[in-house]
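Working notes, structure below.
Model, not experiment: these values are computed from the prediction.
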Amino acid sequence: MARDITQRRLQQERIARLSRIQAVLSGINSTIVRVRSRDELFRESCRIAVQQGGFRMAWIGLVEPGALRASPLVWEGLHQGYLDEANRALGSVKEDPGPVGKAIRHKKMVVANDIETDPHLQFKRQALARGFRSLIVMPLMVADEVAGVLVLYAGESGFFDYEELKLLKDLAGDISFALDYIGKEEKLSYVSYYDTLTGLPNRQLFFDRLAQALHQARAERRELAVLVIDLQRFKRVNDTLGRYAGDQALKELASRLRRTIAEPATPARIGGDCFAVVVPNLPGAAMARWIDDWIVDSFVEPLMVDDIELRISVKMGVALYPADAETAETLFVNAEAALNRAKVAAGPYLFYSPEMNARVAQRLQLESRLRKAVSERQFVLYYQTKVDLATRRIRGLEALIRWRDPEHGLVSPMDFVPLLEESGMIVEVGRWVIEQTIADTRAWRGLDLFVPRVAVNVSEVQLRQPNFVATVLDALGSPRASDAGIDLEITETMIALNAGTNVQKLLQLREAGLQIFMDDFGTGYSGLSRIAHLPLDALKIDRAFIADMTKSPEHMAIVSAIINIAKALGIFVVAEGVETEEQAVRLHALGCDEAQGYLFGHPLPAYEAAKLLAAIPSP
């Protein structure tokens with residue numbers, strides 16, 4: 001007996017296909033209720049289509065404005081590089097734009113129920129190799145425009161018939177509704193947290209970020225500043241040129257703030273013509289320079305609005321955490337109070353703390369005097385001896401800068417070198433130090449004196465300059481840098497910052513004949529394990545360890561460890577700040593090579609150093 005069950009089998013397969021699509025529709029509708037982002041909606045939709053709907057691949061792409069193509073954003077299933085090859089053709093604008101292009105152009109679903117025989121499909125071979133036998137492209141509509149497409153690939157030919165298409169149309173409609181809703185929600189969220197005119201964070205988001213920055217500052221025990229910025233006489237722009245001109249000016253000023261203020265500082269527009277900035281991790285002493293270099297300069301250049309040149313000045317109030325307040329609200333109130341005082345003061349900004357204002361005024365005055373010192377060459381070099389601990393003979397000198405201020409006499413480098421670095425003047429002064437050291441050593445050689453190697457300190461700001469190597473070699477003025485007898489002293493911090501670039505520069509100088517010393521070793525970031533990979537000739541043990549080594553077993557252990565590891569790596573060791581005979585004896589016993597400090601001599605000006613060298617017989 002035989003019985004034809006073809007219709008029953010076809011009916012079962014159809015019910016199975018409808019059940020799969022129903023499962024996809026149900027799963028995606030459940031997803032729509034809980035998701036809050038477009039990307040999550042797309043990812044979940046593709047995942048459900050493949051895992052619950054049994055489709056071999058699903059992808060969703062966004063439509064490029066003005067083009068009949070979509071760029072895949074998310075996908076699931078047997079991709080295996082297919083989209084990389086096929087997408088170039090699926091949406092390309094040709095006489096036949098393909099199913100994706102047709103769906104976008106006509107705003108309707110496009111079905112290919114037999115990929116193998118369809119004359120309009122490209123990349124058939126690649127599709128068939130992955131088991132794709134039919135596909136559907138569904139436009140996702142937002143405001144009656146195609147915002148994206150959902151593309152499904154089935155493993156069966158003829159998969160998409162009338163009943164399936166009705167369900168899939170509902171599916172595309174539901175995803176389109178969710179996409180529209182999420183877009184409106186994102187727009188509302190944007191309006192809640194951002195200023196719609198300038199694109200900067202608004203007052204609410206500013207306080208959120210200030211609270212976060214304060215939390216981090218407390219945890220890391222760092223300073224933080226709040227700046228409130230007011231545009232002076234801005235109302236005249238609106239009154240004279242109209243609201244449109246005022247809006248254009250605000251947008252340009254906001255753009256300047258965004259360009260000049262780097263993260264993690266946060267600029268915001270908190271009122272009509274009022275801005276604010278959160279500046280984490282910037283010490284109060286350096287705040288004045290930062291304000292001058294970044295904030296004030298943002299408003300110096302005139303604005304061009306409708307071919308009219310506008311010049312707008314600013315006033316600022318600054319409050320610091322923790323000195324002025326410890327909460328976001330109080331910091332902001334204190335910054336506003338400082339702004340109100342600044343509006344009737346001569347300068348562009350004031351700090352909340354009178355003591356801070358006095359420090360800033362003192363700092364600005366010092367900077368002005370320093371600029372004059374640089375232009376008038378008011379600096380001089382002193383030289384301190386380095387001795388061999390075994391023989392106590394002079395083995396080297398270190399060049400130390402001093403400022404001979406006409407009003408205040410000789411100024412210690414601790415009082416002005418940090419400001420030279422912050423202002424960038426150290427680049428010019430550092431070059432002068434090298435040139436003057438070379439001039440002094442040549443003068444001593446001209447007198448037939450014994451001239452040991454001379455060390456020159458290099459700032460991180462100098463090393464950061466792209467032309468640093470060329471500048472040093474040019475200052476030496478000799479085809480063979482080794483003839484100059486110059487050593488360069490760097491710090492651990494300089495190696496930690498931009499390590500790769502800085503190490504390459506030091507390698508070039510070392511190959512040219514200069515020796516590289518690491519100064520103040522043990523106080524920075526390099527650690528003992530890193531020195532083996534650095535181009536070093538010598539380590540200088542920081543004076544802080546030397547001062548307490550005869551009293552503290554811990555410091556003695558640190559000094560001993562530094563010497564032992566340096567010796568194992570073939571690196572010379574110099575101890576700084578040696579002031580007692582006991583320290584010198586202990587260092588020699590530990591194997592330290594050289595030492596410098598008041599025990600062996602104070603820094604001397606060049607002419608007195610020459611007298612000292614004259615008493616040394618040539619080796």
Side-chain angles (χ1 to χ4, degrees), residues 379 381 383-384 386 395-401 413 417 420-421 424-442 444-445 451-542 566 569-574 576 593-594 596:
F379 301 103
L381 290 184
Y383 294 90
Q384 186 173 29
K386 290 187 285 188
R395 290 275 294 270
L397 299 171
E398 180 179 358
L400 303 169
I401 191 171
V417 168
L420 284 177
E421 292 179 332
M425 289 186 282
I426 193 67
V427 175
E428 182 180 350
V429 174
R431 180 184 174 89
W432 172 84
V433 169
I434 296 176
E435 291 174 344
Q436 187 60 46
T437 302
I438 297 296
D440 287 343
T441 56
R442 285 176 179 165
W444 295 335
R445 289 193 183 97
V451 182
R453 297 188 68 87
V454 183
V456 175
N457 289 281
V458 173
S459 162
E460 192 273 328
V461 179
Q462 293 173 264
L463 186 58
R464 200 168 58 223
Q465 302 303 308
N467 63 341
F468 173 72
V469 174
T471 299
V472 172
L473 296 179
D474 183 56
L476 295 176
S478 171
R480 293 175 55 202
S482 57
D483 295 341
I486 295 295
D487 303 329
L488 296 183
E489 292 196 3
I490 61 171
T491 63
E492 293 180 75
T493 307
M494 294 163 65
I495 294 296
L497 299 170
N498 299 317
T501 303
N502 288 345
V503 168
Q504 285 301 315
K505 292 176 182 177
L506 295 176
L507 279 170
Q508 293 177 47
L509 292 170
R510 197 163 180 248
E511 290 171 1
L514 284 81
Q515 292 187 1
I516 309 298
F517 282 52
M518 180 174 281
D519 199 9
D520 301 331
F521 186 80
T523 61
Y525 307 99
S526 67
L528 295 173
S529 62
R530 293 191 58 190
I531 63 175
H533 307 291
L534 300 177
L536 298 177
D537 295 284
L539 293 179
K540 297 185 73 175
I541 305 174
D542 186 72
L569 296 173
I571 298 175
F572 213 66
V573 187
V574 181
E576 295 183 289
D593 299 293
E594 294 181 2
Q596 68 182 96

* **Worked verdict on Val417 versus Asn457 for side-chain contact (heavy atoms from CB on, under 4.5 Å)** => CA-CA 11 Å; Val417 168; Asn457 289 281; over 6 Å; no

* Report the C-alpha separation of Val427 and Val461 in whole Å, then their side-chain angles, then the decisive distance to 0.1 Å, and conclude whether the side-chain contact (heavy atoms from CB on, under 4.5 Å) test is met. => CA-CA 7 Å; Val427 175; Val461 179; 4.0 Å; yes

* Start with the C-alpha distance between Val573 and Ile541, add both sets of side-chain angles, then the distance that settles side-chain contact (heavy atoms from CB on, under 4.5 Å), and finish with yes or no. => CA-CA 7 Å; Val573 187; Ile541 305 174; 3.7 Å; yes

* Structure fact -> Checking Lys386, Met518, Glu398 against Val574 for side chain to side chain contact (heavy atoms under 4.5 Å, CB included), the one that qualifies is Lys386

* Using modelled atom types only, decide if a donor and an acceptor are shared between the side chain of Gln462 and the backbone of Ser459 within a distance under 3.5 Å. => yes

* Asked: Looking at Ile486 and Arg453, what are the two nearest heavy atoms and their distance?
  -> O-NH2, 3.0 Å

* **Where Leu381 and Ile401 come nearest, the two heavy atoms and their spacing** => CD2-CA, 4.0 Å

* Structure fact -> Here the gap from Asp537 atom CG to Ile516 atom CD1, rounded to the nearest 0.5 Å, amounts to 6.5 Å

* Asked: Where the side chain of Lys505 meets the backbone of Gln465, is there a donor-acceptor pair that is under 3.5 Å apart?
  -> yes

* side-chain contact (heavy atoms from CB on, under 4.5 Å) between Tyr383 and Leu400, intermediate numbers included -> CA-CA 6 Å; Tyr383 294 90; Leu400 303 169; over 6 Å; no

* **Rounded distance (nearest 0.5 Å) linking atom CG of Leu476 with atom CG of Leu514** => 5.5 Å

* To do: Calculate, to the nearest 0.5 Å, the distance between atoms CD and CZ belonging to Glu594 and Phe517 respectively.
  => 6.5 Å

* Salt bridge check: are Asp593 and Arg395 linked by an N-O gap of less than 4.0 Å? -> no

* Structure fact -> Closest non-hydrogen atoms of Trp432 and Phe379, given as atom of the first, atom of the second and distance, are CH2-O, 3.3 Å

* Asked: Atom CD1 of Ile434 and atom CZ of Arg431: how far apart are they, to the nearest 0.5 Å?
  -> 8.0 Å

* Give the minimum heavy-atom separation between Pro452 and Leu397, together with the two atoms involved. => CG-CG, 3.9 Å

* Asked: Of all heavy-atom pairs between Val456 and Val433, which one has the smallest distance, and what is that distance?
  -> CG1-CG1, 3.6 Å

* Asked: Would you call Glu489 and Lys540 a salt bridge, taking side-chain N to carboxylate O under 4.0 Å as the test?
  -> yes

* To do: Find the distance between CG (Leu463) and CG (Asn502) and round it off to the nearest 0.5 Å.
  => 4.0 Å

* Mind listing the closest non-hydrogen atom pair of Arg510 and Leu536 along with its distance? => NH2-O, 3.4 Å

